[in-house]
Visitor: 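There's a structure below that I have some questions on.
These figures come from a predicted structure and were not determined experimentally.
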Amino acid sequence: MTEASVLFLRACLALLAMPIYVLSFLGIWEPFCKKIFFPFLLEKISAVHEKKSKKQKQELFRNLPDFKSSSGELKLLEIGTGCGANFQFYPPGCKVTCTDINPNFQQGLARNMNKNQHIQFERFLVAAGEDLHQVPSGSVDAVICTLVLCSVHDVNGTLKEVLRVLRPGGAFYFLEHVAADRSSWKYFWQQVCYPTWKLVFDGCCLTREIWKNLEQANFSELNLQHTSVALPWTPIEPHIVGYAVK
């Protein structure tokens, strides 16, 4: 009964989003989404998510200075930087390299760089999380990844690259929305929304159990909490937050 209900409601949602499905079929939606729609939407959503998750992020990044290298420098690599919503939480003087697979976030990114003069911006790389070959092995003290692992093509491949670029003793910080408990109504609605949400939000997957990937990765220490970010009427309330040490 539940599976039939999911399929029926998915079809209803697809009917409501039919223009987007048609544009996708014609090959028009994806380039429009990547260049115009998603960068605009992400900046708006990030502003809302920022207010709701501010305390969690402040707590998450509080110990970033503990991972400075022996030289006293703190080199950060952010995967999927987007518009730079995390810059405000980084400690003064740290050096930040930004990466994103989508190069169309430059305007929002520039605005956040201007607002956050306390950090040193190193460079911006157009790169997928699974392929950070432009970043030397063992060259960064911390890797940051928020609301990104939901949309990478290969979560395990991305974590492998994170471990490669981190120096021994470096840390990986994460805040990600994840699948709800499988017996809950939240998970039911995540299943209903999944295909249309993924299309509209540029590949974002609602039902990934990312904590399992982190548990299976070769980190020496994993500090992970399941939490909830108050985003009523959305399927992305369940989150995981924490950091892992190489």
Side-chain angles (χ1 to χ4, degrees), residues 42-43 45-46 49-50 52-69 73-102 105 108-109 112-113 115-116 118-132 134-152 155 157-178 204 210-211 213-214 217 219 221-225 227 229 239-246:
L42 187 66
E43 195 166 2
I45 291 173
S46 292
H49 190 274
E50 208 52 57
K52 302 293 185 180
S53 64
K54 189 169 185 177
K55 286 184 179 177
Q56 280 122 320
K57 284 193 175 182
Q58 284 173 333
E59 180 61 26
L60 173 64
F61 296 127
R62 185 172 52 83
N63 69 341
L64 257 177
D66 295 348
F67 291 96
K68 286 180 180 177
S69 64
E73 279 190 333
L74 180 62
K75 291 186 177 180
L76 307 183
L77 172 73
E78 182 163 1
I79 299 173
T81 306
C83 303
N86 292 325
F87 291 169
Q88 61 182 300
F89 302 105
Y90 296 162
C94 67
K95 296 181 176 181
V96 184
T97 295
C98 301
T99 74
D100 206 291
I101 196 170
N102 188 342
F105 293 113
L109 193 58
N112 270 316
M113 282 177 196
K115 284 182 194 172
N116 294 280
H118 66 288
I119 61 175
Q120 295 181 43
F121 174 69
E122 294 275 87
R123 55 180 177 156
F124 176 82
L125 303 173
V126 179
E130 305 91 335
D131 182 10
L132 301 170
Q134 299 167 82
V135 183
S137 298
S139 64
V140 297
D141 303 303
V143 176
I144 317 292
C145 189
T146 62
L147 302 183
V148 174
L149 294 178
C150 58
S151 55
V152 297
V155 176
T158 299
L159 294 177
K160 192 174 178 182
E161 276 290 80
V162 167
L163 280 160
R164 182 186 64 78
V165 302
L166 277 173
R167 64 163 175 80
F172 172 56
Y173 287 79
F174 54 88
L175 173 66
E176 299 287 341
H177 71 81
V178 293
C204 174
I210 297 167
W211 65 90
N213 301 92
L214 285 159
F219 290 103
E221 179 188 336
L222 176 61
N223 300 277
L224 183 151
Q225 286 184 317
T227 186
V229 174
H239 281 61
I240 55 169
V241 61
Y243 67 96
V245 180
K246 179 177 175 179

Visitor: Please check this pair: side chain of D100 against backbone of G82, looking for a donor-acceptor N/O pair closer than 3.5 Å.
Guide: yes
Visitor: Answer yes or no: is there a donor N or O on one side and an acceptor on the other, between the side chain of K246 and the main chain of G170, under 3.5 Å?
Guide: no
Visitor: Please work out which of the three classes, parallel, tilted or perpendicular, describes the rings of H177 and H239, given edges at 30° and 60°.
Guide: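 Correct class here is perpendicular.
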Visitor: Determine whether a donor-acceptor pair (N or O, by modelled atom type, separation under 3.5 Å) exists between the side chain of E176 and the backbone of V148.
Guide: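 Yes.
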Visitor: Calculate, to the nearest 0.5 Å, the distance between atoms CZ and CG belonging to F174 and N213 respectively.
Guide: 11.0 Å
Visitor: Can you give me the closest heavy-atom contact between F67 and G169, atom names plus distance?
Guide: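 Looking at all heavy atoms of both residues, the closest pair is CD2-O, 3.3 Å.
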Visitor: In this structure, are over 12 heavy atoms from other groups packed under 6.0 Å from Q134 atom CD?
Guide: yes
Visitor: In Å and rounded to the nearest 0.5 Å, what is the CD1 to NZ distance from I144 to K57?
Guide: 10.0 Å
Visitor: Heavy atoms only: give me the nearest P91-C94 pair and the separation to one decimal.
Guide: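 P91 and C94 have their closest heavy atoms at O-SG, 3.2 Å.
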Visitor: Is the shortest side-chain heavy-atom distance between L159 and F172 below 4.5 Å?
Guide: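 When only atoms from C-beta onward are counted, F172 and L159 do touch, with a gap below 4.5 Å.
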Visitor: Is L166 close to V140 at the side-chain level, that is, under 4.5 Å between some pair of heavy atoms?
Guide: yes
Visitor: Atom CD of Q120 and atom CG of L76: how far apart are they, to the nearest 0.5 Å?
Guide: 11.0 Å
Visitor: Please test V96 against T81 for side chain to side chain contact (heavy atoms under 4.5 Å, CB included), starting from the C-alpha separation and ending with a verdict.
Guide: CA-CA 10 Å; V96 184; T81 306; over 6 Å; no
Visitor: To check you understand the geometry: which heavy-atom pair defines the closest contact between D141 and K75, and what is its length?
Guide: OD2-N, 2.7 Å
Visitor: Are L175 and H49 close enough that some pair of their side-chain heavy atoms sits under 4.5 Å apart?
Guide: yes
Visitor: Kindly give the heavy-atom pair with the smallest separation between R164 and L132, and that separation in Å.
Guide: NH2-O, 2.8 Å
Visitor: Residues in side-chain hydrogen bond (donor to acceptor under 3.5 Å, both in side chains) with Q88, at least two apart?
Guide: none
Visitor: Quick one: side-chain hydrogen bond (donor to acceptor under 3.5 Å, both in side chains) partners of E78, sequence neighbours excluded?
Guide: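 Residues passing side-chain hydrogen bond (donor to acceptor under 3.5 Å, both in side chains) with E78: N86, Y90.
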Visitor: Does H118 offer a backbone N or O that forms a donor-acceptor pair with the side chain of N116 under 3.5 Å?
Guide: no
Visitor: Considering all heavy atoms of both residues, which atom of A142 and which atom of L64 are nearest to each other, and what is their separation?
Guide: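 Taking every non-hydrogen atom into account, CB-CD2, 3.8 Å.
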Visitor: Going through the distances and angles, do N63 and Y173 end up as a side chain to side chain contact (heavy atoms under 4.5 Å, CB included)?
Guide: CA-CA 10 Å; N63 69 341; Y173 287 79; 2.7 Å; yes
Visitor: Report the distance from atom CG of L74 to atom OG of S69, rounding to the nearest 0.5 Å.
Guide: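 Answer for the CG-OG pair, L74 versus S69, is 8.0 Å.
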Visitor: Roughly how far, to the nearest 0.5 Å, is the CG atom of L224 from the CD1 atom of I210?
Guide: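 I210 atom CD1 to L224 atom CG measures 10.5 Å (nearest 0.5 Å).
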Visitor: Find out whether L109 and F87 are in side-chain contact, i.e. whether some heavy atom of one side chain is under 4.5 Å from a heavy atom of the other.
Guide: yes
Visitor: One pair to check against side chain to side chain contact (heavy atoms under 4.5 Å, CB included): L60 and F89. What are the steps and the verdict?
Guide: CA-CA 9 Å; L60 173 64; F89 302 105; over 6 Å; no
Visitor: So, taking the atom named OG in S139 and the one named CG in L77, what distance separates them when rounded to the nearest 0.5 Å?
Guide: 7.5 Å
Visitor: Run the side chain to side chain contact (heavy atoms under 4.5 Å, CB included) check on F121 and N112 step by step: do they pass?
Guide: CA-CA 11 Å; F121 174 69; N112 270 316; over 6 Å; no
